[in-house]
Amino acid sequence: MRKILMILCSLISLAKAQEAINLYQDSIPNAADKAQALLEKNIPKLFTYTPDKNTAKNIAVLVIPGGGYSHIAMDHEGHAVAKELVKNGYSAYVLQYRLPSPNIMRDKSIGPLQDAQRAMQLIRSSNPQLKKVGVIGFSAGGHLASTLMTKFKKAYIANPSHVSLRPDFAGLIYPVISMENDVTHKGSRINLIGENPSEELVRLFSSNLQVSPEVCPAFFVHAKDDTAVPIENSYRMMAGLDRVNVPNTLYVFDEGGHGFGLINKTSEKKWFDAFLSWLSTLN
């Protein structure tokens, strides 16, 4: 009986997150000079999941949940994903990023990216033994992940030690990619860059138009019947990666719609297993 209890305790600890840490120890960059910016709900955080040392692969994954840049789906696109990663030997970090708003930041378009870059910086500087640090993002979190992928050359945060902000790999799960009118998720676009953004802003935050040969390999998951974020978003990003010879692959469902997280209930296929297999092939 005691042995069984020890095993159960071990499994519980395996999937347990440490207490969330604040992303910024001092002032938050780009914060508006308003009391609302300092409310607890607007303080960006990082939740840490650590695998058992006997199974650890020395690879970390930054998990970015979606929510249309209006809320954050922390459970089924965040903590649930981290628990699966840690079971398979990966360290996982779930990002609770600031939602873009002029009430809490001076430039709302770069606020989430600053938090994603800071998360990468913090993960790498705190864990120099890691072989790789990647990212997986869902829906609008996929947009943030793809923005992190493509904008790593410019630090939107203080980075005096020049810590690499480039992910080594990316999982983009039913991602918002483009801010272009014909395919974008309009709620995400309005929340991030406004109702009437300039052509320059649209281009700057359309990740398919920001690809360079140095960006990391990417694994896409999308359902053909996704009406919230059309699969054309993934197709356009893949075309951009193909143009510069960056490896990428798509795991496609015929059905499933949008926002299914780890489990697409319309199919017996498990995309997460395919994602883990893909990870194992990366050099």
Side-chain angles (χ1 to χ4, degrees), residues 57-64 66 77 81-82 84-85 88-93 95 113 116-117 119-120 123-124 130-154 163-180 183 203-224 226 229-254 256 262 264 267 269-283:
K57 301 180 186 297
N58 286 330
I59 297 174
V61 184
L62 175 63
V63 182
I64 308 182
E77 292 178 350
V81 178
E84 288 302 311
L85 284 165
N88 288 278
Y90 296 91
S91 299
Y93 296 82
L95 179 61
L113 176 58
Q117 286 193 339
M120 289 292 292
I123 293 166
R124 279 213 165 97
L130 290 170
K131 294 186 293 185
K132 290 187 178 71
V133 181
V135 64
I136 184 169
F138 297 73
S139 192
H143 180 265
L144 183 49
S146 71
T147 307
L148 184 66
M149 275 177 71
T150 55
K151 297 192 183 307
F152 65 91
K153 292 181 182 179
K154 178 179 179 180
V163 175
S164 175
L165 305 176
R166 175 188 179 273
D168 293 306
F169 57 84
L172 302 176
I173 317 304
Y174 39 83
V176 179
I177 292 293
S178 177
M179 293 288 114
E180 297 162 295
V183 295
R203 183 173 184 83
L204 189 63
F205 288 96
S206 293
S207 295
N208 56 303
L209 302 178
Q210 300 297 319
V211 172
S212 69
E214 297 85 8
V215 303
C216 65
F219 181 95
F220 294 82
V221 177
H222 226 125
K224 291 180 180 178
D226 189 338
V229 179
I231 195 171
E232 180 65 21
N233 280 268
S234 287
Y235 290 156
R236 289 191 186 184
M237 187 66 174
M238 293 172 68
L241 295 171
D242 286 341
R243 280 194 293 271
V244 293
N245 299 312
V246 172
N248 64 89
T249 188
L250 171 65
Y251 193 90
V252 66
F253 291 102
D254 289 328
L262 287 168
N264 181 346
S267 173
K269 297 193 299 181
K270 296 180 179 176
W271 69 262
F272 193 76
D273 289 345
F275 173 67
L276 293 178
S277 296
W278 176 78
L279 278 185
S280 70
T281 68
L282 298 180
N283 295 324

Starting at [atom1] of [X], measure out to [atom2] of [Y] and round the result to the nearest 0.5 Å.
| X | Y | atom1 | atom2 | result |
| --- | --- | --- | --- | --- |
| L95 | L62 | CG | CG | 5.5 Å |
| M120 | D168 | CE | CG | 6.5 Å |
| K151 | S146 | NZ | OG | 9.0 Å |
| L113 | L144 | CG | CG | 6.5 Å |
| S91 | N58 | OG | CG | 7.5 Å |
| W271 | L276 | CH2 | CG | 8.5 Å |

For the residue pair [X] and [Y], establish whether any side-chain heavy-atom pair is separated by less than 4.5 Å.
| X | Y | value |
| --- | --- | --- |
| L279 | K57 | no |
| M149 | L172 | yes |
| M237 | T150 | yes |
| H222 | Y235 | no |

Passes side-chain contact (heavy atoms from CB on, under 4.5 Å), E77 versus I173? Steps please. CA-CA 10 Å; E77 292 178 350; I173 317 304; over 6 Å; no
On the 0 to 90° scale, with breaks at 30° and 60°, tag the F272-F275 ring pair as parallel, tilted or perpendicular. tilted
Tell me whether the rings of W278 and F219 are parallel (<30°), tilted (30 to 60°) or perpendicular (>60°). tilted
Does [X] reach the main-chain N or O of [Y] with its side chain, forming a donor-acceptor pair under 3.5 Å?
| X | Y | answer |
| --- | --- | --- |
| N233 | I177 | yes |
| H143 | F205 | yes |
| R166 | E214 | yes |
| Q210 | R203 | yes |

Less than 4.0 angstrom from a charged side-chain N to a carboxylate O is my criterion; do D254 and K269 meet it? no
I need the single residue from T249, I231, V252, L241 that forms a side-chain contact (heavy atoms from CB on, under 4.5 Å) with F220. Which is it?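 Answer after filtering T249, I231, V252, L241: L241.
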Give the minimum heavy-atom separation between S139 and G66, together with the two atoms involved. CB-CA, 4.4 Å
Do you know the tightest heavy-atom contact between S178 and V183? CB-CG2, 3.6 Å
side-chain contact (heavy atoms from CB on, under 4.5 Å), that's the test. Do R236 and S206 meet it? Break it down for me. CA-CA 10 Å; R236 289 191 186 184; S206 293; over 6 Å; no
Salt bridge (Lys or Arg N to Asp or Glu O under 4.0 Å) partners for D226, two or more places apart: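 If we apply the salt bridge (Lys or Arg N to Asp or Glu O under 4.0 Å) test to D226, skipping adjacent residues, there are no hits.
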For K131, salt bridge (Lys or Arg N to Asp or Glu O under 4.0 Å) partners two or more places apart: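 For K131 there are no salt bridge (Lys or Arg N to Asp or Glu O under 4.0 Å) partners, ignoring immediate neighbours.
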Is the Lys NZ or Arg CZ of K132 less than 6.0 Å from the centre of Y90's six-membered ring, within 45° of the axis?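 Output no; distance or angle outside limits.
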